[in-house]
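Inspection log for the structure reproduced underneath, given as structure tokens.
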Amino acid sequence: VMEVKLNLCCVFFILTAATVKAQVNPEMCRYPLGMTSGQIQDEDISASSQWSESTAARFGRLDFDTGDGDGAWCPDIMSEPGGFKEYLQVDLRSLHFITLVGTQGRHADGMGNEFAQRYRIKYSRDGSSWVGWHDRMGNQVIEGNKNTYDVVLKDLEPPIVARFVRFMPVIDPSLIVCMRVELYGCEWLDGLVSYSIPDGHQMIYRGLDVFFNDSVYDGATAQRLTKGLGQLTDGTWGLDDFLHSHVPGAWPGYDYVGWSNKTFPKGYVEVVFDFDHIHNFTSMKVHCSNMFSRGVRLFRQATCFFRSESEWEPDPMTFRPSAEPLSQSARFVTVPLGDRTASSIKCRFHFGDQWLLFSEVAFQSGSAVYNTSLVFSTCSCASSGDDPTHKVDDSNTRILIGCLVAIIAILLTIIVIILWRQVWQKMLEKASRRWLDDELTARLAVQTQAFSFLRFSQSSEDGSGSGSISTYERIYPASADYQEPSRLIRKLPEFAECSGTSSRAGVGSDGAPHYAEADIISLQESSDSGSITAVNMNLFAGLDSTLREFPREKLTFKEKLGEGQFGEVHLCEAEDMQNFLGEDTLMEGSSKSPLLVAVKMLREDANKNSDRTIFDLYSSQTFNQYNTSSVLCCSSVKLLGMAMQIASGMKYLSSLNFVHRDLATRNCLVGKNDTIKIADFGMSRNLYRGDYFRIQGRAVLPIRWMSWESILLGKFTMASDVWAFGVTLWEILTLCKEQPYSQLSDEQVIENTGEFFRNQGKQVYLPQPQCCPDRIYGDLMLSCWRRNAKERPSFQEIHAQLTESR
């Protein structure tokens, strides 16, 4: 619910941000203004000259090719001797705050080879007075392109306020230059076209020269600066300590324009602001320094006069800050303007101390509001700060608010419906899953005596035993002579130190791991029904290449056990199995009686190329069951040897670009001479149902073996198989005594994958098994679970590392 609220909050602010037509924070105001998209019309693009009709100004659009030109604007450099006055001009139709420009050469479907290596920019607000742009250090030339195709973006520091912009290539007369351009910024809704102020003064502070001049002012710069804009409108305000600056290498005082009261006998500084038309002003915000320890304070009083036509109105607005701030931090001071209408404002700022320093001035007019919180790190719902440089024209406020309320109401309704459907779907899934499990149990119990539900824990040889039902119960129970893996291991002296009773989930009170019980391979029946053998008609990989085909006519189908992505698994009776296997194969029961086998085959509609259709008669057990009948060495040598066989099989699969998707010990069959083959029995989804989890809207998945990208993004690759191999190796070295992440619920396992995705150090890894060498866990196992799939080892590397470790 909290996530939904936060998402809804984010949606609200995204919608609000979409209504913003202008914002003069240089870090936010970086939107393409329409050369690429075509929003800027052809008639608004002009040029001093053109090389030909196919290189006219209208073709000078960044990353844009109409197909009827040569792919760029190219000037006629022969029309002007020296070629220094050519330009491509863009009319934005209104004032814009421009923070960034982009350029590109002539492409012409790969045939062009012309570009501007350097260029200059001129701009104008009225179309008659042109100003050459220069950076904060006074440099006018901008480095351009190195080839015809790359886009080169350059920040304009300082940014400019302009309607007309000219790109002027610095031309070598011996070369042809071509340009495609784009402008980035946002609309300038202040309407402020110029301000007039006295020239800034110089302070000497402890022998240090501090200059408070308006160094980027673009108007006339005599004793009084007129008809221009500069530091007070560049979207950047000064630091608390005016000796320091945002601009690297700038001189002390650079961010501020300031004056000393020694040269103002009337005790105030007069500033005049001129606008493009009459506005209804509600307030003005002035960013001031207040470092009173150095003789700098906020203004004591502001008196503002208004002019709509030729004369200044006689009744000014007067404002005095309410309280003297104790902090020396710089701040914005809001001056109310009383909804006065004017095209010019003249304000007199009275000194509060020896010095008065300003770094930014912004106006609120009409129904425009300051949007002060469009920059979010975590989509916070609270607006903060007193930043007047984000402005929005909200003349249709009521309509806008009505639309936003309607959209929010619709979103709330959709969210409620989605949540309600999810709740019901989960309930139905649980009910249907429970019903299907019960039905499968009942049907199989009736069909054959080979599978009957008995108690979950058989009495041991000494007569002790207890019944225990765990979360991962066996669907097909063991027969009377079945021994739990941990019981057998406890009988072996060399396993004494590794066979302690587990306290993990999924281990019964007698120490028997219920996780390892869900197995149909080599299950013994107390009656004369014989043993079960797996006939894998859909072989994935292995090391034994001596494969023979068992006669289909000797198979009698009894029951469908389950199905996978490409095939089905059936319970069958196989005749004459002993003769087929050979006399050296030991099998219990009469050689003439039918043997119960599991047969996996492709569906009729499956892609025949999806797998090798090979009859593999393989009397074997899964690795889980193997632990009940094999003497393993706690030194891990034999365990690592078996893991090496699995790695070898997976190396072969990866060479075929085949992704397994379900690598686990339950899908590793152990045969004669401890040879391991990798399979994928679809029936395991019934037999090992505790290992699979149904994700909403998707099939059941072995989430405890899956990589984070497979669960969250649905990506199955060789790298996700490597992740599963790491879990399989962990199973082997824990002797399959417990399920991976047995201490976590399925939902917590999925939450843990989210921590892998966020990569904030909160993810939980499988612990080092007791019988696992440090180098295997640290160098191999953990490397399989790296967040970045590209950093995981290949199966070739895994096989080589296991080979060296033996």
Side-chain angles (χ1 to χ4, degrees), residues 422 425-426 429-430 432-434 436-437 470-473 475 504-507 513-519 562-565 622-624 646 650 659-668 678-732 734 736-759 762-767 781-782 784-789 792:
Q422 287 179 345
Q425 194 162 355
K426 282 187 178 180
E429 276 188 2
K430 289 181 180 178
S432 61
R433 188 173 180 181
R434 196 178 303 116
L436 287 173
D437 289 345
S470 77
T471 305
Y472 309 101
E473 69 269 22
I475 296 179
R504 300 271 188 176
V507 179
H514 298 291
Y515 157 64
E517 293 175 359
D519 192 79
E563 58 185 289
Q565 183 176 3
T622 64
F623 190 92
N624 308 56
I646 299 173
M650 292 305 299
V659 180
H660 189 288
R661 294 179 176 230
D662 193 8
L663 180 60
T665 56
R666 62 180 171 274
N667 280 325
C668 295
I678 301 170
D680 182 20
F681 278 84
M683 60 183 171
S684 64
R685 293 184 178 177
N686 291 331
L687 299 174
Y688 293 90
R689 68 169 179 257
D691 292 345
Y692 293 85
F693 177 77
R694 183 179 296 278
I695 294 181
Q696 184 73 26
R698 293 160 64 180
V700 289
L701 296 173
I703 58 174
R704 296 171 187 269
W705 284 259
M706 290 168 60
S707 65
W708 70 266
E709 71 269 13
S710 297
I711 295 176
L712 300 182
L713 306 178
K715 293 177 61 177
F716 291 88
T717 61
M718 301 297 175
S720 62
D721 275 355
V722 168
W723 182 296
F725 176 83
V727 182
T728 305
L729 178 59
W730 182 89
E731 289 186 279
I732 293 172
T734 58
C736 297
K737 283 189 174 184
E738 61 176 299
Q739 190 186 48
Y741 297 109
S742 59
Q743 75 278 18
L744 302 180
S745 66
D746 290 336
E747 289 77 11
Q748 288 173 327
V749 170
I750 295 176
E751 290 176 5
N752 191 41
T753 62
E755 295 299 341
F756 274 98
F757 169 73
R758 286 184 284 272
N759 199 28
K762 298 181 181 179
Q763 60 267 37
V764 176
Y765 293 90
L766 290 171
M781 206 177 291
L782 290 180
C784 294
W785 303 325
R786 287 172 179 162
R787 182 189 183 278
N788 189 341
R792 298 170 199 162

Taking all heavy atoms of E738 and all of S742, pick out the closest pair and write down the distance. OE1-OG, 2.5 Å
Taking all non-hydrogen atoms of both residues into account, name the closest pair between R792 and E709 and its distance. NH1-OE2, 2.7 Å
Any side-chain heavy-atom pair of [X] and [Y] under 4.5 Å:
X    : Y    : answer
K715 : S720 : no
W723 : C784 : no
V727 : Y741 : no
I750 : I703 : yes
R704 : D691 : no
L766 : T734 : no

How many angstroms lie between atom [atom1] of [X] and atom [atom2] of [Y], to the nearest 0.5 angstrom?
X    : Y    : atom1 : atom2 : result
N752 : K762 : CG    : NZ    : 12.5 Å
W785 : F725 : CH2   : CZ    : 11.0 Å
N667 : T728 : CG    : OG1   : 9.0 Å
D746 : L701 : CG    : CG    : 11.0 Å
D721 : H660 : CG    : NE2   : 7.5 Å

Which is it for E755 and V764 under the side chain to side chain contact (heavy atoms under 4.5 Å, CB included) test, yes or no, and what are the steps along the way? CA-CA 8 Å; E755 295 299 341; V764 176; over 6 Å; no
Could you tell me how the ring of W708 sits relative to the ring of F757: parallel (under 30°), tilted (30 to 60°) or perpendicular (over 60°)? tilted
Take L663 and W705, measure what side chain to side chain contact (heavy atoms under 4.5 Å, CB included) needs, and give me the verdict at the end. CA-CA 8 Å; L663 180 60; W705 284 259; over 6 Å; no
Determine yes or no for a side-chain-to-main-chain donor-acceptor pair under 3.5 angstrom, with R787 supplying the side chain and F756 the backbone. yes
Aromatic F716 / basic R661 pairing, under 6.0 angstrom, 45° off normal: yes
